[in-house]
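The chains referred to below are lettered A, B, ... by the order of the sequence lines, with proteins before strands, and numbering in each begins at 1.
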Amino acid sequence: MPLVLYNTLTRRKDPFQPLDPSHVGMYVCGPTVYDRAHIGNARPIVIFDVLFRLLQRLYPAVTYVRNITDVDDKINARAQANGEPISALTERTTRLFHEDIGALNALPPTVEPRATAHIGQMIAMIQALIAKGHAYEAEGHVLFSVPSMPEYGRLSNRSRDEMIAGARVEIAPYKRDAADFVLWKPSPGDLPGWDSPWGRGRPGWHIECSAMSREYLGPTFDIHGGGQDLVFPHHENEMAQSCCANGAPFARTWLHNGWLMVEGEKMSKSLGNFFTVRDLLDQAPGEAIRLALMSAHYHQPFDWTAEGLKQARQTLDRLYLALRAVADIAPTEADSVPLEVLAALEDDLNTPLAISHLHEIATKLNKAETIAEKAKWKGALLASGRLLGLLGQEVESWFRWVPAGGAALSDPQVQQMVDDRLAARKAKNFAEADRLRQALSENGVLLEDGPGGTTWRRA
RNA sequence: GGCCGGGUGGCAGAGUGGCUAUGCAGAGGACUGCAAAUCCUUGCACAUCGGUUCGAUUCCGGUCUCGGCCUCCA
């Protein structure tokens with residue numbers, strides 16, 4: 001079954017045909033490192049991680065490029081507010097970003113280029129644009145000339161006139177055309193700046209992705225991804241710059257994930273519904289956060305809710321419980337992902353459908369009677385989970401997760417109480433057994449008596 | 001105003017021109033010292049009005065309604 005992806009450029013689902021079937025290239029817009037990643041940042045990270053895993057399965061080689069934007073006016077402002085050097089802020093934030101998304105089981109990209117390490121490539125690209133008549137210098141700025149590119153607006157499906165009519169910002173006087181946008185801008189001495197043919201300055205927002213995607217993937221590559229909000233202006237401008245500078249088509253397939261809401265409202269600090277990934281990792285295991293983000297189709301708007309996170313955790317409880325029951329059975333064909341799971345993902349990354357198949361596999365595993373069947377369905381569940389970046393941890397470690405504040409009872413304390421209760425049961429002292437069960441339950445520990453003994457888990 | 005995407009059972013959330021989504025929650029049952037887990041059974045849908053069709057939740061059009069974007073927010 002071929003992979004099909006919804007391409008923003010064509011506005012429909014198209015069969016995915018890589019330029020080079022032996023080596024797929026993907027570029028995804030990464031974070032601007034001025035603050036902790038929030039849950040809205042995490043969605044594209046998880047979505048494109050699933051795509052990366054799927055592509056790796058379908059093709060011999062995949063280069064996944066995800067940039068770090070470490071030059072930006074928000075960074076400058078934050079560093080100044082904190083009274084710290086810019087490099088200290090960007091390095092720390094980058095490190096925290098890696099920690100946070102690592103907890104969400106996101107694989108590192110193949111290349112993670114930093115904007116400040118590619119200023120030379122950006123300047124070269126701007127020079128090429130000027131030479132070809134697609135850009136001009138004005139008052140120390142270099143601007144892209146939108147009228148020089150007739151196809152401008154194709155990705156975001158809007159005409160130049162519409163853009164100007166809707167503009168909410170004042171148009172800088174040095175622009176030849178109201179739609180023109182900045183490639184390079186002057187930097188005063190107190191802001192980060194690099195020498196350039198146009199004096200000391202810093203790059204505009206869009207040029208870094210053009211320069212870095214070209215550096216690592218070439219002028220034309222397979223997939224470019226990011227949040228839906230980036231379609232315009234960021235991706236539209238990026239495409240314009242790259243096409244004009246390179247004289248070649250840019251990304252062939254554009255993927256955009258929908259916006260994230262929180263409890264039905266737009267996430268914002270003023271509404272008090274702003275969550276960083278770190279905040280959530282204190283409340284729930286990273287794997288539950290990851291599953292929650294995959295529980296709606298990537299193209300849909302996503303409503304982040306406490307209830308949804310709870311359900312994601314319950315879902316993983318159910319799946320890990322199924323695995324726990326067959327802990328002593330070796331899975332067969334650990335790499336065989338069931339066709340229906342693969343088909344769901346190949347159909348424009350239908351993660352909710354794939355997850356529903358995980359449930360069905362778990363049910364089959366629970367119902368399996370022979371060792372062979374159990375081994376088969378265990379293998380299917382693990383392989384499916386691996387493709388989705390789920391179910392990879394030790395079963396017992398999943399059930400022992402404790403929130404940030406720690407647990408009232410340590411693992412050894414719990415085990416002691418479980419043993420005591422077992423002794424009470426053996427002595428038919430059910431009142432004492434029930435008292436211990438109750439005490440554990442009040443501390444978030446659930447007991448399960450089975451033929452093989454009593455197991456416990458935190459919930 | 002322009003562009004775009006939605007409105008599915010109590011909740012979350014897929015999908016389809018006629019046939020069970022899936023999970024949680026609810027009801028009943030099996031199992032259990034009690035429980036949990038598991039399994040079985042079961043109730044509950046497709047915003048609205050027209051049109052196309054043998055037949056539409058699924059296609060087309062209108063209406064209502066929610067949300068996003070429109071120069072630097074993923």
Distance, P atom - from B/rC44 to B/rG9, rounded to whole angstrom: 14 Å

Side chain of A/Ala296 (C-beta onward), nearest among B/rG13, B/rC24, B/rA37: B/rG13

Any-strand Watson-Crick or G-U partner of B/rG1, both distances under 3.5 Å: B/rC70

Identified pairing partner of B/rA27, criterion: Watson-Crick or G-U wobble below 3.5 Å: B/rU41

Interatomic distance at P, B/rG13 relative to B/rU8, whole Å: 9 Å

From A/Tyr320, A/Trp398, A/Trp401, residue fulfilling side chain to side chain donor-acceptor pair (under 3.5 Å) relative to A/Glu287: A/Tyr320

Integer angstrom distance from the P of B/rU22 to that of B/rA35: 28 Å

Base of B/rG33 and ring of A/Phe430 stacked, centres under 5.5 Å, planes under 30°: yes

Donor-acceptor pair present, A/Asp229 side chain and B/rG68 base, under 3.5 Å: no

Nucleotide opposite B/rA47 in a Watson-Crick or G-U pair, distances under 3.5 Å: B/rU63

Donor-acceptor pair present, A/Arg437 side chain and B/rA35 base, under 3.5 Å: yes

Inter-nucleotide P distance (B/rC59, B/rG15), Å rounded: 12 Å

Who pairs with B/rU16 - Watson-Crick or G-U, where each distance is under 3.5 Å: none

C1' spacing across the pair B/rU38 / B/rC54, given as an integer number of angstrom: 46 Å

Lys/Arg-Asp/Glu bridge criterion (N-O < 4.0 Å) met for A/Asp317, A/Arg313: no

Separation of atom NE2 in A/His297 from atom P in B/rG15, rounded to whole Å: 7 Å

Distance below 4.0 Å between A/Asn350 side-chain N/O and B/rG15 OP1 or OP2: yes

A/Arg324 NZ/CZ over A/Phe399 ring centroid, <6.0 Å and within 45° of normal: yes

G-U wobble or Watson-Crick pairing nucleotide for B/rU57 (cut-off 3.5 Å, both distances): none

Nearest-Å distance for atom pair CG/P, residues A/Asn257 and B/rA74: 12 Å

Cationic N near anionic O, under 4.0 Å, A/Asp420 to A/Arg435: no

Salt bridge flag under 4.0 Å for residues A/Arg36 and A/Asp279: no

Test: A/Arg457 and A/Glu448 ion pair at under 4.0 Å: yes

Distance between C1' atoms of B/rG43 and B/rU65 (Å, rounded): 29 Å

Nucleotide forming a Watson-Crick or wobble pair with B/rU52, both distances under 3.5 Å: none

Any donor-acceptor N/O pair under 3.5 Å between B/rC72 base and A/Asn237 side chain: no

Inter-nucleotide P distance (B/rG50, B/rU58), Å rounded: 14 Å

C1'-based separation of B/rC49 from B/rU41 [nearest Å]: 39 Å

